[in-house]
2 protein chains.
Amino acid sequence: METTGFERHDHGACIREGVSAVDDRCRAQGLQFTPVRRRVLELLLEGHRALGAYDILDRLREEGLGSQPPVAYRALDFLVKHGFAHKIERLNAFVACACPGESHMPAFLICRNCDKVAEAEADMRDGRLAESAAGVGFRIERAVVEAEGLCPNCQGAAA
Amino acid sequence: METTGFERHDHGACIREGVSAVDDRCRAQGLQFTPVRRRVLELLLEGHRALGAYDILDRLREEGLGSQPPVAYRALDFLVKHGFAHKIERLNAFVACACPGESHMPAFLICRNCDKVAEAEADMRDGRLAESAAGVGFRIERAVVEAEGLCPNCQGAAA
DNA sequence: TGATAGCGGACATACTATAACATATCAAGG
DNA sequence: CCTTGATATGTTATAGTATGTCCGCTATCA
Ligand SMILES: [Zn+2]
Ligand SMILES: [Zn+2]
Ligand SMILES: [Zn+2]
Ligand SMILES: [Zn+2]
C-alpha cells in the first residue's frame, strides 16, 4: 500500500482496495453507496489526480449515469462529507482519499507538471502555525494545506 | 502595527499605512499604482476580511471606476502578483497583504463566524509537512495554508 | 396502507473567471 | 510633429464552477 502514488505500483489494486474500503465503511455506518457514488469514486481513483466536477459529469453522462451538474456535485458532496474524497481548493477539483475513513487533517502535494496529487498528513495543531495561532488566541478547527511543486518523477524531466 | 486585525486598533491608520507602504514600493520598483489599483487596495483594507472580485466590482461600479469583471480581476491580479494582496482559495476571495513587499509564504487564519482573516507566517519549507514531502522526494515550491476556526472575539460569543 | 426519508432526474440560475478585441495614455526616438 | 512600443483600461462575450428548486421514485417503517 503506497502512500503517494508517485511511485510505480499496482494501480488496479489501488482502485479495488479504495472502492472496497469505502464499501465496507458505508456498510458499517449505514450509508448508501449507490451506483453513482461508487462510479464517481472509481473515476477519482483512476489516476492519482484531481478531477473537476464537470470532468466527472462528462464521464457520467457518457455512461448514462446522470447528465446534470447536481448529480456530480451530490455524489462529490457525499464522498467529501464522509471523508472518502477531498476537495483541492486551489484546483477546484477533487481527489479520492488515500486512507478513507480514518479521520485526519490532510495536506496535499500537487505536482505542477504532471498534476498528480499525493496526500500527506499535516496536523495543523502542532508546528509553527499552531503556535502563531495560539499566540493570537485563534482556535484552528480545520485547515487547507496544499503544497505545489515538483514530484520526484518530474524533477528529472524538468519540463 | 498589529499583526492580526482581531484586536482593536486604529484602523484608519491601518488603511493609510497599507496604502502608503504599497505606494512606496511601487515607486521603488517602477510599478504603476493607478487609481483603480489604489482603490481596490483601499477596499481590501477596509475590513480585515476577504472580498470577492464581484464585491469589489460592485463598489468600483458605484464609483464610476469600472463596470466589467476584467477591471476588477486585472487590479486584483496586479496586487496579488506583486505581493500586495493574497487570494484565499477556500473563499474565492482576496485580502490585502499584512506586510506588503516582504516576500513570504503566508498562511491565513479565517474566522468562520465573523469572516475576519488574519495573516500568519507558515513557511512550509520546515516543519512536519516538509519532512513528509522530502521523504517522498517532492520539492515544495509554494503552499496554500488556510486555517479555519474561531477568532478570539468569536470564541466568547460562540454564535 | 400511508407517512417519512433519502436518492436521483431535470431545469434554471447564480457565482467565479478569462478570452478576445478595441481604445487610451504616455514616453522614447526619428 | 509623428511614429512606435509598452502598459493600462474599456467592452463584449463566453467559459468554468456551483446551487436552488421542484418532482418522482423507492425503501422503510409504523
Ligand atoms: Zn494507484
Ligand atoms: Zn509530476
Ligand atoms: Zn485594521
Ligand atoms: Zn471571528
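Letters A, B, ... are given to chains in the order of the sequence lines, protein chains preceding strands, and every chain is numbered from 1.
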Candidates [options] - which lies nearest the side chain of [X]:
{"X": "B:Pro69", "options": "C:dC7, C:dT16, C:dT18", "value": "C:dT18"}
{"X": "B:Pro70", "options": "C:dA19, C:dG8, C:dT16", "value": "C:dA19"}
{"X": "A:Thr34", "options": "C:dC7, D:dA8, C:dA17", "value": "C:dC7"}
{"X": "A:Lys87", "options": "D:dA18, C:dG9, C:dA17", "value": "D:dA18"}

Which whole-number value in Å describes the distance from [X] [atom1] to [N] [atom2]?
{"X": "B:Leu65", "N": "D:dT9", "atom1": "CG", "atom2": "P", "result": "10 Å"}
{"X": "B:Arg39", "N": "D:dT9", "atom1": "CZ", "atom2": "P", "result": "15 Å"}
{"X": "B:Asp77", "N": "C:dA17", "atom1": "CG", "atom2": "P", "result": "10 Å"}
{"X": "B:Gln68", "N": "C:dT18", "atom1": "CD", "atom2": "C1'", "result": "13 Å"}
{"X": "A:Leu51", "N": "D:dG16", "atom1": "CG", "atom2": "P", "result": "15 Å"}
{"X": "A:Arg61", "N": "C:dA10", "atom1": "CZ", "atom2": "C1'", "result": "12 Å"}
{"X": "B:Ile88", "N": "C:dT16", "atom1": "CD1", "atom2": "P", "result": "14 Å"}
{"X": "A:Leu76", "N": "C:dC7", "atom1": "CG", "atom2": "C1'", "result": "15 Å"}

Tell me what A:Ile56 touches on the nucleic acid: a base, only sugar-phosphate, or nothing, going by heavy atoms under 4.0 Å.
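Answer is nothing: A:Ile56 stays at 4.0 Å or more from every strand.
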Is there a side-chain contact between [X] and the phosphate of [N], meaning an N or O under 4.0 Å from OP1 or OP2?
{"X": "A:Tyr73", "N": "D:dT19", "answer": "no"}
{"X": "A:Asn92", "N": "D:dA18", "answer": "yes"}
{"X": "A:Arg74", "N": "D:dT19", "answer": "no"}

Between B:Glu89 and A:Ala75, who's closer to the 5' end of DNA chain C by nearest nucleotide?
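Counting from the 5' end, the first nearest nucleotide belongs to A:Ala75.
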Both A:Gln32 and A:Ser67 contact DNA chain C. Which one's nearest nucleotide lies toward the 5' end?
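Final value for this comparison: A:Gln32.
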Less than 6.0 angstrom separating the ring centers of A:His86 and A:Phe94, yes or no?
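For A:His86 and A:Phe94, the ring centres are not under 6.0 Å apart.
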Using only atom types and a distance under 3.5 Å, with no angle test, would you say the side chain of B:Glu141 pairs donor to acceptor with the backbone of A:Glu148?
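Such a contact is absent between B:Glu141 side chain and A:Glu148 backbone.
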Is there a donor on the side chain of A:Tyr54 or the base of D:dA18 sitting less than 3.5 Å from an acceptor on the other?
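Flag set: donor-acceptor pair detected.
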Check this for me, if you would: do [X] and [Y] make a salt bridge, where the nitrogen-to-carboxylate-oxygen distance has to be below 4.0 angstrom?
{"X": "B:Arg90", "Y": "A:Glu146", "answer": "no"}
{"X": "B:Glu46", "Y": "B:Arg59", "answer": "yes"}
{"X": "B:Asp58", "Y": "B:Arg61", "answer": "yes"}

